[in-house]
Each structure stands twice: as C-alpha cells, then as structure tokens.
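All figures in this text were calculated on a predicted structure; none of them were measured in a lab. Just so you know, ligand 1 is whichever comes first in the structure, and atom 1 is the first atom listed for that ligand.
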Amino acid sequence: MANRRTVIAGNWKMFKTTGEATDYAVRFLEEVKEVTDLDIILCAPFTALYTLKNELEESIVHLGAQNMAWADQGAYTGEISAQMLLDVACTYVILGHSERREMFGETDEEIAKKVRQALATGLTPIVCCGENLNLREEGKAVERVQGQVTRALEGLSTEELSKIIVAYEPIWAIGTGKTASSKDAQEMCASIRATLKVLMGLAAEKVPILYGGSVKAENIAELMTEPDVDGALVGGASLDPLSFAKLILNAVPSSVSVEEGI
Ligand code: PEP
C-alpha cells in the first residue's frame, strides 16, 4: 500500500436533508480536523451538495456526488451534469454503484461514458464494481468484476487511468452487515489491480482500490492491513458523523484505536 493514497469515502445514498447535512458537517469536521494521512470524501445527495460546499470550504473533507450524466447539457430531464457538480465544488463522483446498476438499469456502456465525461471535466470518478452472491457461489466473481472494470475503463490513456479510483463492492455485502473477509477483499482488489495492469502497465500500482460492503469502525483496521486495499467506500456507517469519524481514525494506523474511542 506504500506510495498509494488512502481514501475513505462516505456514500450517504438517499439520506439527509440540507439541514441534516449542515448539522453533520459541523460535528464531523470537529472530529476529523486533525486527520492528515488520508483523503476523506463525502458523497452526498445532489440537494445537499451546495450546503456542504459552504460547510466544507477550506476543510480537509472533499465533496463527491453519487451519479451524474454522461452528456454535457441539454434535454435530459432529471439528470445532473458534471459542470453542475463542479459548480458546487464537487471533485469526486461515484459511478456504476451496484444500486444504480441493479435498480436503475445502468449498463457498463453508460458507466464507461460517464467515466469519460468525469475525466474530461476534471472530476475524479470512483468506479464501482462487484459481483452478486450467485456469481460468487458459482465461482464467477473474478470474471464478473474484471469484466466490469475492463468495460468501464478500456480505451482510456494511462494518464487518464491514473486519475481514477476503483471501489470493489460485493453486492452481497452491501447494507447486509456481511463484510467480505479481509482475505476475500484482498484477493479481489489484487485481481482488479492485475486488470488495471493490463490496461495501464505498472502505473496501476498507484491507483487507489477501495473495498465497500458493511465497513464499520470495528472492521476497517483489519481491512486496511491488506496490501491492495487502499481504503473504503462506506454506506450505512457514514451516516452518523461520530461513527464515521471513528471509522476514519481507525483507518489511520497511528490514530487511536476503536477500543480507545475518540
Ligand atoms: C455502499 O453503498 O457503497 C456501501 C458499501 O454500503 P454499506 O456500507 O452500507 O454496506
């Protein structure tokens, strides 16, 4: 993991009004103000982004969205463009989350277009991949995940690929309380890095690969010991500012441990 950024990103999904986002930001910033060794990202709903832009200004916390359109602008009712995200100080965007793939029918082709759009506009895409339980039980998890990564990223230059973050999120572990073992997470993150190497050569060593799926303050430290796990994408456990801050402190090797609290 040496030489790679450690990234902890919270995915609020469809939770929090603007008032709740403001309260969260105030309490969260107080807890993480001393953190220096990792990148913290809050991926909020579109409606909370402007509020958070103001709250997080000049803080160490970066702002991200959870989706965006592949087009620049135009007659795309209900969509949000990359420019609109940049306008509210977003620097990251989650793309291809399994909830968007499964519930909203997002295809690999659309995700690939969104990744290109994000890179072209200067947003950092957090590209999600992950298998469902059937595929894992059939022994086809690696094939599925490597395929998703390849289809999202093939054709991009090494320079472009150096700007992305990949998040491995097994669908069976999202919101279920079931975390992949740190060994399973490592195996898949290593196979994602092998796929990246095919696309971009040794520069793949610099791409942060995150694990996501029921990550909590109690299991982050163990996941972080794995060489190819460079951080986490966190859903449920990012919704409470104190719990998420505790998770972040437990991800930083030199910080207080979960037993000691914060
Ligand atoms: C997610 O939605 O990206 C996620 C990992 O959720 P949870 O942490 O709740 O499993």
Side-chain angles (χ1 to χ4, degrees), residues 6-16 20-21 24 28 38-46 48-49 61-68 90 92-106 111 114-115 118 124-133 135-136 141 144-145 148-149 152 164-182 184-186 188-189 192 208-224 226 228-251 258:
T6 299
V7 179
I8 304 287
N11 173 15
W12 284 1
K13 310 194 185 201
M14 198 172 73
F15 291 101
K16 298 199 187 295
E20 288 165 345
Y24 183 110
F28 183 63
L38 50 73
D39 292 352
I40 305 170
I41 308 165
L42 284 181
C43 299
F46 294 133
L49 292 174
V61 180
H62 305 276
L63 197 50
Q66 301 167 18
N67 183 27
M68 60 164 228
C90 265
Y92 293 85
V93 59
I94 296 173
L95 295 176
H97 191 281
S98 61
E99 286 157 12
R100 299 226 47 92
R101 292 178 191 257
E102 301 240 304
M103 288 190 261
F104 303 100
E106 255 186 37
I111 293 158
K114 290 180 181 193
V115 171
T124 299
I126 302 172
V127 183
C128 298
C129 54
E131 80 288 356
N132 63 26
L133 193 55
L135 286 167
R136 174 148 287 257
R144 165 55 61 95
V145 168
Q148 286 177 330
V149 172
I164 64 161
I165 295 173
V166 177
Y168 167 57
E169 300 206 305
I171 296 170
W172 48 270
I174 295 182
T176 58
K178 273 191 204 166
T179 322
S181 68
S182 54
D184 288 341
Q186 164 58 23
M188 192 61 88
C189 290
I192 291 169
I209 301 179
L210 316 184
Y211 168 77
S214 300
V215 178
K216 306 182 268 294
E218 293 77 10
N219 58 21
I220 184 68
E222 189 185 339
L223 286 160
M224 293 302 298
E226 298 296 344
D228 285 290
V229 178
D230 305 314
L233 180 54
V234 183
S238 73
L239 290 173
D240 176 77
L242 302 187
S243 306
F244 192 40
K246 186 184 275 192
L247 186 157
I248 287 165
L249 295 177
N250 284 348
V258 69

Any side-chain heavy atom of [X] sitting closer than 4.5 Å to one from [Y]?
X      : Y      : result
Ile111 : Gln148 : no
Leu239 : Lys13  : no
Met188 : Arg136 : yes
Leu95  : Arg100 : no

Problem set entry | Residue-ligand contact Ala173/ligand 1, heavy atom below 4.0 Å |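 It does; at least one heavy atom falls under 4.0 Å.
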Exercise. Is there a heavy atom in Ser214 that sits closer than 4.0 Å to ligand 1?
Worked result: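 Judged by the 4.0 Å heavy-atom criterion, Ser214 does count as contacting ligand 1.
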Can you tell me which residue and heavy atom of the protein come closest to [atom], and the distance to 0.1 Å?
atom                   : value
atom 8 (O) of ligand 1 : Gly235 N, 2.8 Å
atom 9 (O) of ligand 1 : Gly236 N, 2.8 Å
atom 5 (C) of ligand 1 : Glu169 OE2, 3.0 Å
atom 1 (C) of ligand 1 : His97 NE2, 3.3 Å

Problem set entry | Atom CD of Glu222: over 12 foreign heavy atoms under 6.0 Å |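 Not buried by this count: 12 neighbours or fewer within 6.0 Å.
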Closer than 4.0 Å to some heavy atom of [X] - which atoms of ligand 1 meet that?
X      : answer
Gly175 : 7 (P), 9 (O), 10 (O)
Asn11  : 1 (C), 2 (O), 3 (O)
Ile174 : 2 (O), 4 (C), 6 (O), 10 (O)
Gly213 : 5 (C), 10 (O)

For this session: Run through Ile220, Asp39, Leu210 and flag the one making a side chain to side chain contact (heavy atoms under 4.5 Å, CB included) with Ile8.
Result: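 Looking at Ile220, Asp39, Leu210, the match for Ile8 under the side chain to side chain contact (heavy atoms under 4.5 Å, CB included) is Ile220.
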Exercise. Only one of Ile165, Ile94, Val215 clears side chain to side chain contact (heavy atoms under 4.5 Å, CB included) with Leu233; which?
Worked result: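 Among Ile165, Ile94, Val215, the one that satisfies the side chain to side chain contact (heavy atoms under 4.5 Å, CB included) with Leu233 is Ile94.
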Exercise. Quick one: do the Gln66 and His97 side chains pair a donor with an acceptor below 3.5 Å?
Worked result: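 Gln66 vs His97: no donor-acceptor pair found between side chains.
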Exercise. Is the closest N or O pair between Thr176 and ligand 1 shorter than 3.5 Å?
Worked result: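 Such a contact does not occur with ligand 1.
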